[in-house]
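Accompanying notes for the structure given below.
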Amino acid sequence: MKYIIALDQGTTSSRAVLFDEHADIKGIVQQEFRQIFPQPGWVEHDPHEILSTQRMVLEKLIQTHNVDASSIAAIGITNQRETTLLWDKKTGEPLYNAIVWQDKRTAPLCEALKAEGLENHVRERTGLVIDSYFSATKIKWILDAVPNARERAKRGEIAFGTVDTWLIWNLTNRKVHATDYSNASRTMLFDIHTLTWDKTMLAALDIPESILPEVKPSSHHFGNWTHNGVDIPLAGVAGDQQAALFGQACFSPGMAKNTYGTGCFMLMNTGTKIQQSRNGLITTIAWGLDGKVEYALEGSVFIAGAAVQWLRDSLHLIDQSKDSEYFAAKALGSNDVYVVPAFAGLGAPYWDMYARGAIFGLTRDTGKDHIIKATLESLAYQTKDILNAMQEDAGLTLASLKVDGGACANNILMQFQSDILGTEVERPEIIESTALGAAYLAGIQVGLWKKESITSNRKIQKRFTPQMDEATRVRLYKGWTKAVERTKGWVD
Ligand SMILES: Nc1ncnc2c1ncn2[C@@H]1O[C@H](COP(=O)(O)OP(=O)(O)O)[C@@H](O)[C@H]1O
Ligand SMILES: O=P(O)(O)OC[C@H](O)CO
């Protein structure tokens with residue numbers, strides 16, 4: 001038996017998932033790590049913790065399941081995207097903590113880029129909108145903040161990477177400084193037409209080109225991880241949302257998936273066509289495979305499952321995320337409370353770095369159950385905002401929405417999702433699509449699998465069909481859009 005291991009380095013935890021040669025999951029080991037909030041709106045991770053938790057889960061997975069190193073055909077890496085690290089090429093020591101995708105500290109740098117008139121350039125060349133979400137301004141911030149960092153970078157002593165690059169660098173014993181097309185397309189420094197780093201953006205942010213990694217296809221032999229004397233190829237790399245699109249077998253233009261993790265990310269395959277959105281979505285590289293690059297339209301919601309964590313960790317209304325289903329069920333039938341979890345501003349389709357969270361519609365009888373239910377519903381409303389934009393851009397109506405990610409296990413949420421969209425929601429047997437996608441990309445590279453067999457391997461666990469009448473759907477969504485309007489521009 002041959003195995004593929006997927007390393008899924010997410011925003012809140014590091015995971016290692018063992019797949020057998022039938023792409024069935026044989027084991028998962030997961031470890032949460034610290035979220036560091038030095039100031040309001042700032043979010044950091046300790047790069048050493050990212051690495052140590054990821055190494056720990058990998059080694060524990062192999063040990064627990066008694067897997068012989070020689071039977072591991074390949075490793076795939078998938079990761080939280082945009083999160084930015086800089087380190088010394090000689091010592092491997094990070095210059096600063098990893099600045100996480102949710103971090104808002106570079107909003108003023110984004111305003112400066114807008115004032116320079118770069119909005120069209122960014123949209124046209126990188127497919128993105130100017131926002132602190134992406135890596136570019138985070139790199140500049142570290143180069144500005146750490147003494148001598150820019151000089152050292154100019155001397156070629158510093159490496160930049162997103163989390164995939166940091167893992168590749170360390171797992172290959174500091175030999176390989178590389179990323180894949182899907183991750184490069186999240187930096188706001190990568191020209192998605194020419195597939196090269198964009199000189200205009202590098203100059204605008206005074207970022208030396210020497211710090212950037214080499215960009216490779218997503219299914220590619222990046223290097224080896226040596227375990228018990230055996231060289232195991234790192235053979236697949238993709239940003240977690242693109243990996244989920246792959247894992248859900250969304251291979252044809254018009255196919256879409258929505259992942260409910262810390263954030264919520266809907267991606268629609270647009271094939272080899274670069275489609276620009278007219279409705280606040282971004283254009284991203286889906287993957288590089290078979291000698292070509294394919295693209296996707298993406299709607300990124302910053303806070304989804306993280307809002308459920310907020311119920312758990314900050315409000316202490318629940319002990320575990322899954323308890324939200326039990327409490328929300330007790331409030332079914334009441335729909336007057338709205339939670340807008342704009343804790344990190346609003347992403348697509350609004351792109352408001354200055355929005356902040358709020359609860360609306362409170363009355364004397366509002367209780368814990370209502371707040372929990374409204375929080376879950378906020379994931380579904382944000383998804384509807386995105387799907388509306390996507391359908392308009394693509395000029396089509398989705399027959400059903402493919403879902404995955406931790407929070408899609410919640411049945412109340414999925415039923416409400418189907419109700420508020422008026423669309424069928426389709427949950428696969430394997431909701432670890434992200435890990436599955438990374439495993440597939442690696443397995444294809446080493447010849448274990450073929451892309452064609454992935455579609456037939458996909459099994460549906462449950463379909464949710466809309467039960468809500470149209471008048472209720474319209475009324476509820478109107479309330480949501482009113483609530484969102486009131487959170488915009490809250491921070492001066
Ligand atoms: N049953 C559930 N109901 C609601 N939210 C859930 C449930 N299970 C997990 N979550 C939420 O989903 C997120 C975890 O999903 P996961 O896909 O592991 O995220 P990530 O990869 O971003 O770390 C957490 O934010 C958690 O609060
Ligand atoms: O860690 P996740 O799964 O919430 O994904 C984070 C995204 O990649 C951010 O763009």
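Residue numbers start at 1 and run along the sequence shown. Note that ligands are numbered from 1 as they come in the structure, with each ligand's atoms numbered from 1 the same way.
One side chain, Lys257 or Thr259, offers a donor N or O that lies under 3.5 Å from an acceptor on the other. A donor-acceptor pair shorter than 3.5 Å can be found between the side chains of Trp101 and Thr11. Defined by atom type and a distance below 3.5 Å, a donor-acceptor pair is missing between the side-chain atoms of Tyr338 and Glu377. Side-chain contact check for Asp8 and Thr78: no donor-acceptor pair (N or O, by modelled atom type) lies under 3.5 Å. Residues Arg81 and Gln241 have side chains that never bring a donor and an acceptor to within less than 3.5 angstrom of each other. If you check the side chains of Tyr133 and Gln102, you find no donor sitting under 3.5 Å from an acceptor.
Scanning the protein heavy atoms around atom 24 (C) of ligand 1, the nearest turns out to be Gln309 NE2, 3.8 Å. In terms of protein heavy-atom proximity, atom 14 (C) of ligand 1 is closest to Gly406 CA, 4.3 Å. Of the protein's non-hydrogen atoms, Asn410 ND2, 3.0 Å is the one closest to atom 3 (N) of ligand 1. In this structure, atom 27 (O) of ligand 1 lies nearest to the protein heavy atom Ser321 OG, 2.8 Å. Atom 21 (O) of ligand 1 has as its closest protein heavy atom Arg15 NH2, 3.4 Å. The protein non-hydrogen atom at the shortest distance from atom 1 (O) of ligand 2 is Thr11 OG1, 2.5 Å. Closest to atom 23 (O) of ligand 1, if we only count protein heavy atoms, is Thr12 OG1, 2.8 Å. Nearest protein heavy-atom neighbour of atom 2 (P) of ligand 2: Asp240 OD2, 3.3 Å. The nearest heavy-atom contact from the protein to atom 5 (N) of ligand 1 is Ala407 CB, 3.5 Å.
Of all atoms in ligand 2, numbered sequentially from 1 with element shown, those under 4.0 Å from a heavy atom of Gly10 are 1 (O). Ligand 2 places these atoms under 4.0 Å from at least one heavy atom of Gln80: 1 (O), 8 (O). Within ligand 1, counting atoms from 1 as listed, the ones closer than 4.0 Å to a heavy atom of Lys322 are 1 (N), 2 (C). For ligand 2, the atoms closer than 4.0 angstrom to any heavy atom of Thr262 are 4 (O). Atoms of ligand 1 lying under 4.0 Å from any heavy atom of Thr262, numbered from 1 in the order shown and given with element: 19 (O), 20 (P), 22 (O), 23 (O). Taking every heavy atom of Tyr133 and a limit of under 4.0 angstrom, the matching atoms of ligand 2 come to 9 (C), 10 (O). Using a 4.0 Å cut-off to heavy atoms of Ala306, the atoms of ligand 1 that qualify are 25 (O). Atoms of ligand 2 found under 4.0 Å from any heavy atom of Gln241 (numbered from 1 in listed order, with element): 3 (O), 5 (O). Interface atoms of ligand 1 facing Ser324, defined by a heavy-atom separation under 4.0 Å, are 3 (N), 4 (C).
By the criterion of a heavy-atom distance under 4.0 Å, the side chain of Glu82, and not its backbone, is placed next to ligand 2.
Between Trp287 and Phe246, the distance separating the two ring centers is shorter than 6.0 angstrom. Ring-centre distance between Trp490 and Tyr354: not below the 6.0 Å cut-off. Ring to ring, Phe416 and Tyr381 are close: their centroids are under 6.0 angstrom apart. Residues Phe160 and Trp87 place their aromatic rings such that the two centres sit no closer than 6.0 Å. Ring-centre distance between Trp197 and Phe190: below the 6.0 Å cut-off.
Gly263 counts as a contact of ligand 2, since one of its heavy atoms falls under 4.0 Å from the ligand.
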Next item on the list: Start with the C-alpha gap between Glu426 and Arg458, add the side-chain angles, then the distance that decides, and say whether salt bridge (Lys or Arg N to Asp or Glu O under 4.0 Å) holds.
Entry: CA-CA 12 Å; Glu426 190 186 288; Arg458 187 173 171 276; 3.0 Å; yes
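Residue Arg186 places no N or O, backbone or side chain, under 3.5 Å from any N or O of ligand 2. Among the atoms of Gly305, some N or O lies under 3.5 angstrom from an N or O of ligand 1. Between Asn79 and ligand 2, no N or O atom pair is found at a separation short of 3.5 Å. Any N or O atom pair closer than 3.5 Å counts here, and Ser13 shares no such pair with ligand 1.
Seen from the ring of Phe19, Lys26 does not count as a face-on cation partner, given the 6.0 Å and 45° thresholds.
Annotation: side chain of Met201 is in contact with side chain of His121 (closest heavy-atom distance under 4.5 Å).
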